[in-house]
Amino acid sequence: MVRHLSLPSFSRRKLLVTASIAASAALFLSATAPLPVQAADRPHDGGDITFLIDSLGDTWIPNNSAISSFQGHIWGHVTDKLVYVDAEGKVSPWIAETWEQNDTATEFTLHLKSGVTFSDGEPLDANAVVANLNIWYAGRKNEGINPIGLFPKTYDRAEAVDAKTVKVFFKKPTLGFIPTLGYHGSILISPKTIAQPASVQADLSKTVGSGPYVVESWKEGDHVTLVKRKDYNWGPAAVGHTGPAYLDSITYKLVSEPSLRVASVQSGQADVAYNASPQELKSLKEEGFTVATPRYLGFVNGWAVNTKLAPYDDVKVRQALQAAINRQEIIDTVYTPDWKLATSFIQSNVPGATDHSDLLAYNPDKAEKLLDEAGWVKGANGVRVKDGKPLEITLHSNPYLATSKSVDELIAQQLGKVGWKVNIRAYDVVTFGEKVKFGGSAVPAYEVTRSFIDAGTVASILTNANNGENWFALDERDSVLNELRDKIAGAGSIEERKPLLDKLQQYVLEQGYFIPRTQIVQRIYVQSPKLKGEVYNGIAYASYYTAYLSDLSE
């Protein structure tokens, strides 16, 4: 039975008053004495926390929502993964205790931990893992259940050898298989849930996972409350804890306005505010609040350019776009020193990332020269024209990144200096998903905020090979890119793959296929200093499985 909770009311007037009180108190304390420092303590059981979040998307179908920047927080506590991947890309055991692969990376054997159960008591055994691998790969598209986007498209089949052993087969070498098992879409769901139609899977209260928390109640557009499983005893050793969670419950409450989320943490009405404004972080740190800006493993924030849409079918125009952006100004103006300059089109903490900063240097003179060579002439209003048409670009601000529109507005000024006319459009999460697609006929530059675990998956995403996403609308037209893609996919070792990944990064940036803006911090956390012990994984999600409230015993 779903129990309906009496949750705190977060009215704008009340929160603005409490924010004012909190700010006044901070000023008083800073003028008199520093905030008291909590005595060192140890994790202990008990306590409830409230996490304020700005959205939870439009569906709870696991395959469709597990990769969401928002729902991923809940799935990370309700479900487990086969492996754990930390913020530096290191892979370690979780439900899979050990694994082996053959010399060609086409066959893998997973050995599972004993005694793991889903919250309905059913075993998380080899048959359950096979059912999950199959749904991640294929989905059930006719029912509206999508495959997991970054799950290897070279997958052939999986077999349960015995209750604790799974053998997985691929059609081609797939070095990235094991790391991708730690991707946030690769969540382990009960086979009974997988067998249900999409309409049932969309009911969060009916989804069964094996994680340290279960869903106690949820209300669409309002909240999700999780309570801990007391019999949980198979957490990843990498986080330093394997038994039941310490906190009794976590409530994710929807509050759309960033200032209200932050004010409620300042006033003690909530414990965590998600996606605060970067400009607030310095003062919040000074007030004694915990601020976290973890970078995930994945692509930097930037644009995938549609090469089928004129004038971006011209390499000189794309290269001019690359050179006309002042990336340091973006960090200095919109962000804080917590953000880092892009050095490639993938984050610098990804194993296999290499530094190509020289290709991303701000050089407006170079941009002007390239546009001159491409036949774009500046008019009296400063906008370049060719064949009677203006040099124009429409930017669709990404709703998954709170700062996206501010960055777009700054870049519009930068591009305007060399002759671009820039239009900016902003949609909500649902509309953005419907209207803005890679290679869409009206989308010259698709803003990317996308994570991945293993760099080997990148090449197949960029093209249309093996049902890839064809980010640049190149199809099979670029033989150099296709050759790099195939060699990366066919590499039998990390050592063989590394120089190929370096060449791929250089080539994509030289061609102006991808226009980096900054390394991405997509998830910003402002947290009460009483809440301690959280862990951030390779996808920059905060896990409160290891967290505790430090003042419970005081």
Side-chain angles (χ1 to χ4, degrees), residues 51-55 67-73 76 85-89 183-184 258-259 261-262 265 272-286 289-304 325-351 353 355 357 360 395 397-411 429 432 446-453 455 514-527 531 534-544:
F51 182 117
L52 301 187
I53 196 165
D54 39 337
S55 175
I67 60 171
S68 162
S69 296
F70 303 112
Q71 283 106 320
H73 291 87
V85 179
D86 70 13
E88 299 303 319
Y183 184 56
H184 59 313
S259 61
R261 295 195 297 272
V262 171
V265 173
V272 187
Y274 186 58
N275 278 350
S277 167
Q279 285 74 30
E280 295 181 272
L281 301 185
K282 183 175 185 291
S283 61
L284 287 164
K285 288 178 184 177
E286 291 170 352
F289 292 95
T290 302
V291 171
T293 54
R295 287 181 301 153
Y296 61 40
L297 302 166
F299 296 97
V300 301
N301 176 234
W303 301 326
I325 295 175
N326 187 338
R327 294 165 176 88
Q328 186 63 57
E329 187 180 28
I330 295 172
I331 290 177
D332 293 344
T333 306
V334 179
Y335 293 121
T336 73
D338 294 289
W339 274 254
K340 297 179 183 295
L341 283 170
T343 57
S344 177
F345 69 93
I346 58 179
Q347 303 267 77
S348 62
N349 57 330
V350 173
D355 190 336
S357 303
L360 303 177
L395 307 179
S397 300
N398 194 322
Y400 291 101
L401 188 64
T403 53
S404 180
K405 190 167 186 289
S406 298
V407 175
D408 284 342
E409 290 168 348
L410 180 58
I411 289 178
V429 169
F432 182 84
Y446 179 102
E447 186 185 336
V448 173
T449 53
R450 179 72 173 273
S451 60
F452 59 79
I453 292 293
F514 194 102
I515 311 295
R517 305 197 314 178
T518 68
Q519 293 203 47
I520 190 169
V521 173
Q522 186 173 343
R523 317 190 210 286
I524 304 171
Y525 303 85
V526 175
Q527 184 173 293
L531 181 59
E534 76 282 357
V535 175
Y536 300 92
N537 66 11
I539 310 299
Y541 281 120
S543 170
Y544 297 99

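All residue numbers refer to positions in the sequence shown, counting from 1.
Contact detail for Val350 and Gly298: the closest heavy-atom pair is CG2-N, 3.4 Å. Shown here for Leu401 and Val521, the closest heavy-atom pair between the two residues is CD1-O, 4.0 Å. Closest non-hydrogen pair, Ala342 versus Leu360, comes out as O-CD1, 3.5 Å. Taking both residues in full, the closest heavy atoms of Val334 and Pro278 are given as O-CB, 3.8 Å, listed atom of the first, atom of the second, then distance. Across Asp54 and Arg261, no two heavy atoms sit closer than the pair CB-NH1, 3.1 Å. Among all heavy-atom pairs drawn from Arg450 and Val448, the shortest one is CB-CG1, 3.6 Å.
Put simply, the side chain of Tyr525 reaches to within 4.5 Å of the side chain of Tyr541, judged on heavy atoms. With contacts defined as side-chain heavy-atom distances shorter than 4.5 Å, the pair Leu531/Thr290 does not qualify. Annotation: side chain of Val526 is in contact with side chain of Leu281 (closest heavy-atom distance under 4.5 Å). With a 4.5 Å cut-off on side-chain heavy atoms, Tyr446 and Trp303 do not count as touching. With a 4.5 Å cut-off on side-chain heavy atoms, Val272 and Tyr544 count as touching. Inter-residue side-chain proximity for Phe299 and Gln347 is flagged as unmet; no heavy-atom pair is nearer than 4.5 Å. Val300 places none of its side-chain heavy atoms less than 4.5 Å from the side chain of Ile346.
Figure legend: cation-pi geometry between Arg523 and Tyr274 absent, as NZ or CZ is not positioned both under 6.0 Å from the six-membered ring centre and within 45° of its axis.
Side-chain N/O atoms of Thr403 and Tyr335 include a donor and acceptor closer than 3.5 Å. Under 3.5 Å, the side chains of Glu447 and Ser404 contain a donor-acceptor pair of N or O atoms. When only modelled atom types and interatomic distance are considered, Ser348 and Gln519 share a side-chain donor-acceptor pair under 3.5 Å. Checked by atom type, the side-chain pair Thr518/Asn301 shows no donor-acceptor distance below 3.5 Å.
Summarising the geometry, atom CG belonging to Asn326 is positioned 7.5 Å from atom CD belonging to Gln328; distances are rounded to the nearest 0.5 Å. Within the model, atoms CD of Glu329 and CD1 of Ile331 stand 11.5 Å from one another, a figure rounded to the nearest 0.5 Å. Atom CG of Leu297 sits about 8.5 Å away from atom OG of Ser451, to the nearest 0.5 Å. To the nearest 0.5 Å, the span separating CD1 on Ile520 from CH2 on Trp339 amounts to 10.0 Å. We find the CG-CD1 distance between Asn275 and Ile524 to be 5.5 Å, quoted to the nearest 0.5 Å. Going from atom CG of Asp355 over to atom OG1 of Thr343 covers 4.5 Å, rounded to the nearest 0.5 Å.
Taking the six-membered ring for Trp and the full ring otherwise, Tyr183 and Phe452 have centroids separated by 6.0 Å or more. Checked against a 6.0 Å centroid threshold, the rings of Tyr536 and Tyr296 do not count as neighbours.
Asp408 has a carboxylate O that lies under 4.0 Å from a charged side-chain N of Arg517, or vice versa, which qualifies the two as a salt bridge. One finds no salt bridge joining Asp338 and Arg295 here, because no Lys/Arg side-chain nitrogen approaches an Asp/Glu carboxylate oxygen to under 4.0 Å.
In this structure, the side chain of His184 engages the main chain of Ile67 through a donor-acceptor pair within 3.5 Å.
Taking the six-membered ring for Trp and thresholds of 30 and 60 degrees, Phe432 and Tyr400 have ring planes more than 60 degrees apart, a perpendicular arrangement.
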